[in-house]
Student: 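First the structure, then my questions, so here it is.
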Amino acid sequence: MNTEKYKQLLAEIEPFHAQLIAVSKTKPVEDILQLYNAGQRIFGENKVQEMVSKQEELPKDIQWHLIGHLQTNKVKHMSSFVSMIHSVDSLKLLQEINKQAEKNNRAIDCLLQIFIAQEETKFGLSIEELHQLLRSNEYAALKNIRICGFMAMATNTIDDMKIAQEFSFLKELFVHVKEKYFADSESFKELSIGMSSDYKIALQNGATFIRVGSILFGSRKY
Ligand SMILES: *Cc1c(COP(=O)(O)O)cnc(C)c1O
């Protein structure tokens with residue numbers, strides 16, 4: 001864990017008014033506490049079980065963001081405390097989040113994950129699926145979720161131009177969708193884009209959240 005890097009990163013982000021999500025997946029609670037003591041409050045995890053066990057051990061004012069692919073049967077384990085779910089990619093998942101949020105007498109903030117990359121392995125809604133979802137009556141009936149914006153991952157490439165194109169495409173889509181479906185919504189304002197390798201490009205293209213892991217915590221061994 002590198003608090004020097006953390007301070008540098010915060011200074012770099014500051015002019016863009018974006019928020020840093022410290023991605024702590026696979027890292028021990030000691031590492032998280034160190035960053036917490038340096039002032040960080042938003043942490044991101046990609047597995048529900050891991051997030052739940054860390055949440056139980058760590059200070060309660062941490063805001064936990066679920067950033068990884070999510071199965072419907074896992075939603076209930078984190079619905080009491082999760083701060084935002086970045087990886088919503090189906091109506092079925094949204095309905096389950098709504099159901100669990102209702103049980104907990106709360107609303108859960110969600111981002112729709114949009115597919116913008118070239119690789120076939122990345123999750124997310126296509127543009128067509130996105131419009132289909134937002135136009136549906138089933139979606140309109142959900143009262144315990146708040147759609148706060150989009151999340152996406154760019155193609156894993158060293159071609160910065162390509163990454164910039166994908167992020168700026170997403171930003172345009174965001175503006176269009178906000179006008180069309182969320183004109184009256186104050187919540188629809190977030191763009192969660194950018195990781196350790198491409199957060200600078202993301203900041204230049206309108207990121208409001210960047211999700212950074214390895215720069216802060218060191219590389220991961222899977
Ligand atoms: C792991 C992960 C990150 C952080 O990746 P780094 O390269 O370590 O910064 C960001 N977003 C998602 C969805 C991830 O799974």
Side-chain angles (χ1 to χ4, degrees), residues 1-10 12-13 16 18-29 31-32 34-35 38 40-52 54-55 62-71 74-75 78 82-90 93 97 109-125 148-160 162-164 166-167 170-171 174 190-222:
M1 230 297 302
N2 190 332
T3 43
E4 216 27 65
K5 271 273 185 246
Y6 174 60
K7 302 281 179 201
Q8 272 174 27
L9 193 55
L10 283 188
E12 210 179 333
I13 296 168
F16 295 95
Q19 297 193 77
L20 172 65
I21 299 174
V23 177
S24 47
K25 62 190 185 193
T26 77
K27 300 295 175 182
V29 290
D31 287 12
I32 299 177
Q34 211 179 333
L35 210 54
Q40 181 66 19
R41 289 297 178 273
I42 309 179
F43 290 87
E45 291 284 338
N46 67 337
K47 295 209 170 81
V48 173
Q49 215 48 64
E50 186 176 341
M51 186 170 83
V52 168
K54 285 173 173 173
Q55 191 268 344
I62 288 181
Q63 297 160 43
W64 293 99
H65 288 227
L66 197 279
I67 61 172
H69 184 65
L70 177 58
Q71 291 171 319
K74 301 279 171 65
V75 175
M78 60 170 181
V82 69
S83 180
M84 186 176 274
I85 300 174
H86 289 233
S87 42
V88 177
D89 60 359
S90 72
L93 182 55
I97 295 168
D109 287 345
C110 296
L111 302 179
L112 298 174
Q113 183 169 357
I114 311 295
F115 180 85
I116 58 169
Q118 242 175 7
E119 294 117 285
E120 305 213 334
T121 51
K122 298 220 161 128
F123 296 104
L125 295 160
C148 299
F150 293 155
M151 182 274 233
M153 290 166 88
T155 301
N156 185 9
T157 171
I158 53 163
D159 182 354
D160 286 357
K162 173 149 192 58
I163 296 171
E166 290 174 356
F167 285 157
L170 186 73
K171 171 78 189 195
F174 173 87
E190 311 291 2
L191 264 188
S192 169
I193 46 174
M195 323 189 348
S196 290
S197 57
D198 57 14
Y199 74 88
K200 288 176 207 264
I201 308 172
L203 289 170
Q204 299 286 352
N205 286 281
T208 65
F209 283 119
I210 58 169
R211 311 177 307 268
V212 175
S214 42
I215 282 184
L216 295 169
F217 293 105
S219 61
R220 291 174 299 269
K221 304 175 209 67
Y222 285 104

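Order of appearance sets the numbers: ligands from 1, and atoms from 1 within every ligand. What you see is a predicted model, and the numbers here were worked out from it, not measured in a lab.
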Student: Would you check whether His86 reaches within less than 4.0 Å of ligand 1, judged by its heavy atoms?
Tutor: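 Judged by the 4.0 Å heavy-atom criterion, His86 does not count as contacting ligand 1.
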Student: So, for Leu170 and Leu191, which heavy atoms are closest and what is the spacing to 0.1 Å?
Tutor: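 Where Leu170 meets Leu191 most closely, the heavy atoms are CD2-CD2, 3.6 Å.
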Student: Which atoms of ligand 1 sit under 4.0 Å from any heavy atom of Val212?
Tutor: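 That gives atoms 9 (O) of ligand 1.
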Student: Give the atom numbers and elements of ligand 1 that come within less than 4.0 Å of a heavy atom of Gly213.
Tutor: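 Those of ligand 1 that fall under 4.0 Å from Gly213 are 4 (C), 6 (P), 8 (O), 9 (O).
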Student: Does any donor atom in the side chain of Glu45 or Ser24 lie under 3.5 Å from an acceptor atom in the other side chain?
Tutor: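 Yes.
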Student: If I apply the N/O under 3.5 Å rule, does Arg211 come out as touching ligand 1?
Tutor: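 Min N/O separation from ligand 1 is below 3.5 Å for Arg211.
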Student: Return yes or no for this condition: an N or O of Ile67 is under 3.5 Å from an N or O of ligand 1.
Tutor: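 No: no nitrogen or oxygen of Ile67 is under 3.5 Å from one in ligand 1.
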Student: With Glu4, which residues qualify under side-chain contact (heavy atoms from CB on, under 4.5 Å), at least two apart?
Tutor: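 In terms of side-chain contact (heavy atoms from CB on, under 4.5 Å), with neighbours along the sequence ignored, Glu4 is linked to Asn2.
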Student: To the nearest 0.5 Å, tell me how far Leu112 CG sits from Ser192 OG.
Tutor: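 Answer rounded to 0.5 Å: 12.0 Å.
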Student: Under a 3.5 Å cutoff, is there a donor and acceptor pairing between the side chains of Thr3 and Gln34?
Tutor: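 Absent: no donor and acceptor within the cut-off.
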Student: For ligand 1, which is the ligand I care about here, please tell me if Ser197 has any N or O atom under 3.5 Å from one of the ligand's N or O atoms.
Tutor: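 Ser197 vs ligand 1: no N/O contact under 3.5 Å.
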Student: Identify, by atom number and element, the atoms of ligand 1 in contact range of Ser196, meaning under 4.0 Å from any of its heavy atoms.
Tutor: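 That gives atoms 6 (P), 7 (O), 8 (O), 9 (O) of ligand 1.
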Student: Say whether Ser219 and Ser214, considering side chains only, have a donor N or O and an acceptor N or O under 3.5 Å apart.
Tutor: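 Short answer, no.
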Student: Using a strict cut-off of 4.0 Å, indicate which atoms of ligand 1 neighbour a heavy atom of Ser214.
Tutor: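 Reading through ligand 1 atom by atom, the close ones are 6 (P), 7 (O), 8 (O), 9 (O).
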Student: Within the 4.5 Å heavy-atom criterion, are Val88 and Gln113 side-chain neighbours or not?
Tutor: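 In short, these two side chains do not touch, never coming nearer than 4.5 Å.
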Student: For ligand 1, is any non-hydrogen atom under 4.0 Å from Lys25's backbone (N, CA, C, O), its side chain (CB onward), both, or neither?
Tutor: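 It is the side chain that gets close, since no backbone atom is under 4.0 Å.
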